[in-house]
**Q** 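Before I ask anything, here is the structure I am working with.
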Amino acid sequence: MFSHETPEVAYWAGFLMADGNVYYDKGSPVISVGLSPKDKDHLEKLRGFIGCTNPINTRKPTAVSLSFHSQRVADDLSRWGVVPRKTYVGQLPDDIPDGLLSHYLRGLIDGDGSIFITKKTAGCTLWRLSLTNNAAVVNRVHSIFEDLGFHCYKYLVRVGKTGHETYTLAVQRKAQVPRLLQWLGYAEDGPSLDRKAATARTILSFAD
């Protein structure tokens with residue numbers, strides 16, 4: 001399924017680039033993804049898209065997970081940047097078609113991003129979209145957003161024991177956040193994480 005180039009494939013590839021994991025168990029590739037229990041429905045959507053019959057497991061009260069073995073899926077996902085140890089070495093592919101890039105990035109943000117509406121004092125409301133990932137991924141998304149005319153803030157979040165750096169990228173100019181959400185496709189009927197899509201659509205309704 002990930003060998004095809006469609007908006008739905010691009011979305012789920014972007015989501016797995018964020019929250020998926022590829023590793024080898026006795027020489028066989030395993031694809032796994034873990035989410036908060038409140039997002040279990042999204043795992044159900046992913047399982048339906050893949051056509052997987054494996055159960056969704058509750059590993060602990062704070063996490064649910066889906067995993068399956070597939071050499072073909074692992075091979076196809078590598079074309080989208082989903083590779084073993086992607087937390088440290090992951091990069092966005094350079095050849096994602098223009099018509100699929102917004103869907104891929106919506107999936108990435110659904111996995112590793114945030115969409116906020118924050119009410120501050122004096123009745124001021126702040127809209128914010130952010131993405132947290134490694135330097136290579138954040139720098140690439142930064143470049144894409146800037147090329148589209150969106151002003152981004154980028155800052156270092158932490159440095160791991162191995163020297164691995166994690167960055168956050170944010171767009172929070174009130175005139176720009178709705179336009180970016182529109183470009184990402186949150187106003188459309190494609191797949192998205194329900195709670196983030198709900199926040200995005202609330203922002204879009206305020207901006208109309």
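Scope of the values below: all heavy atoms of this structure, side chains included, with no hydrogens, waters or symmetry mates. Note that the structure is predicted; figures quoted are calculated from it, not measured.
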**Q** Would you indicate whether the side-chain heavy atoms of Phe206 and Thr125 approach each other to under 4.5 Å?
**A**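 With C-beta onward as the side chain, the pair stays apart.
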
**Q** Do you know the tightest heavy-atom contact between Phe145 and Leu129?
**A**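 In this case the closest contact between Phe145 and Leu129 is CE1-CD2, 4.4 Å.
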
**Q** For the backbone of Val171 and the side chain of Gln176, can you confirm whether one donor and one acceptor N or O come within less than 3.5 Å of each other?
**A**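 No, Gln176 side chain to Val171 backbone: no donor-acceptor pair under 3.5 Å.
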
**Q** Can you list every pair that meets side-chain hydrogen bond (donor to acceptor under 3.5 Å, both in side chains) and has a residue in residues 70-79, with sequence neighbours left out?
**A**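 Every pair satisfying side-chain hydrogen bond (donor to acceptor under 3.5 Å, both in side chains) with a residue in residues 70-79: Glu5-Arg79, Gln71-Asp75, Arg79-Asp95.
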
**Q** Pairs of donor and acceptor atoms involving the side chains of residues 178-189, under 3.5 Å and at least two apart or interchain, shall be tabulated with distances.
**A**
from, atom 1, to, atom 2, distance (Å)
Tyr186, OH, Asp110, OD1, 2.7

**Q** Is the backbone of Asn139 close enough, under 3.5 Å, to the side chain of Ser143 for a donor and an acceptor to pair up by distance?
**A**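 Looks like no, no N/O pair under 3.5 Å.
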
**Q** Does Arg195 form a side-chain contact (heavy atoms from CB on, under 4.5 Å) with Asp39? I'd like the steps, not just the answer.
**A** CA-CA 8 Å; Arg195 58 185 175 84; Asp39 295 325; 2.8 Å; yes

**Q** Please list, one pair per line, the donor and acceptor atoms closer than 3.5 Å that link side chains of residues 42-56 to other protein atoms, with sequence neighbours excluded.
**A**
from, atom 1, to, atom 2, distance (Å)
His42, NE2, Tyr11, OH, 2.9
Glu44, OE1, Arg47, NH2, 2.8
Lys45, NZ, Ser192, O, 3.1
Lys45, NZ, Asp194, OD1, 2.7
Arg47, NH1, Asn54, O, 2.8
Asn54, ND2, Ser67, O, 2.8

**Q** Starting from the C-alpha separation in whole Å, work towards a yes-or-no answer on side-chain contact (heavy atoms from CB on, under 4.5 Å) for Ser114 and Arg128.
**A** CA-CA 8 Å; Ser114 298; Arg128 185 175 189 266; 5.7 Å; no

**Q** Under 4.5 Å between side-chain heavy atoms, hopping through other hydrophobics if needed: is there a path connecting Val9 to Phe68?
**A**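 Val9 and Phe68: one cluster.
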
**Q** Under 3.5 Å, which donor-acceptor pairs link side chains of residues 17-36 to any protein atom two or more places apart or in another chain?
**A**
from, atom 1, to, atom 2, distance (Å)
Ser28, OG, His69, ND1, 3.0
Ser36, OG, Lys38, N, 3.4

**Q** Tell me whether Phe150 is reachable from Tyr167 by hopping between hydrophobic residues (I, L, V, M, F, W, Y) whose side-chain heavy atoms are closer than 4.5 Å.
**A**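 Yes, it is one cluster - the side chains of Tyr167 and Phe150 are joined through contacts under 4.5 Å.
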
**Q** Is any side-chain heavy atom of Thr132 closer than 4.5 Å to a side-chain heavy atom of Thr168?
**A**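 Sidechains of Thr168 and Thr132: in contact.
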
**Q** Determine all donor-acceptor pairs shorter than 3.5 Å in which one atom belongs to a side chain in residues 96-105; sequence neighbours excluded.
**A**
from, atom 1, to, atom 2, distance (Å)
His103, ND1, Arg106, NH1, 3.1
Tyr104, OH, Trp80, O, 2.7

**Q** Are Tyr155 and Leu126 joined in one hydrophobic group, where the rule is that I, L, V, M, F, W and Y side chains link up if heavy atoms are under 4.5 Å apart?
**A**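 Result: no, two separate clusters.
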
**Q** Please name the pair of heavy atoms, one in Lys86 and one in Gly81, separated by the smallest distance, quoted to 0.1 Å.
**A**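 Minimum heavy-atom contact is CB-O, 4.4 Å.
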
**Q** When you group the ILVMFWY residues by side-chain heavy-atom contacts below 4.5 Å and let the links chain together, are Val89 and Val137 in the same group?
**A**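 Each belongs to a different hydrophobic cluster.
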
**Q** Other than Tyr153, what residues sit in its cluster of Ile, Leu, Val, Met, Phe, Trp and Tyr side chains whose heavy atoms are under 4.5 Å apart, directly or through others?
**A**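 Reading the cluster by chain and number, Tyr153 sits alone, since nothing else belongs.
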
**Q** If you take all heavy atoms of Pro93 and Arg140, which pair is closest and at what distance?
**A**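 For Pro93 versus Arg140, the nearest heavy atoms are O-NH1, 2.8 Å.
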
**Q** I'd like to check Pro191 versus Glu8 (side-chain heavy atoms, cut-off strictly below 4.5 Å). Are they in contact?
**A**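 Sidechains of Glu8 and Pro191: in contact.
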
**Q** If you count the non-hydrogen atoms of other residues, nucleotides and ligands that lie under 6.0 Å from NZ in Lys174, is the total more than 12?
**A**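 Above 12, so yes.
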
**Q** Are Val138 and Leu156 linked, directly or through other ILVMFWY residues, by side chains that come within less than 4.5 angstrom of each other?
**A**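 Result: yes, single cluster for both.
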
**Q** Evaluate side-chain contact (heavy atoms from CB on, under 4.5 Å) for Val141 paired with Asn133, printing each intermediate quantity in order.
**A** CA-CA 10 Å; Val141 177; Asn133 211 296; over 6 Å; no

**Q** Does His164 reach the side chain of Asn134, with side-chain heavy atoms less than 4.5 Å apart?
**A**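 The answer is yes; the side chains approach within 4.5 Å.
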
**Q** Taking all atoms of both residues into account, what is the closest heavy-atom pair of Lys196 and Ile109, and its distance?
**A**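 Of all heavy-atom pairs spanning Lys196 and Ile109, the closest is NZ-O, 3.2 Å.
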
**Q** To the nearest 0.5 Å, how far apart are OG in Ser130 and NZ in Lys154?
**A**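 Answer for the OG-NZ pair, Ser130 versus Lys154, is 15.0 Å.
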
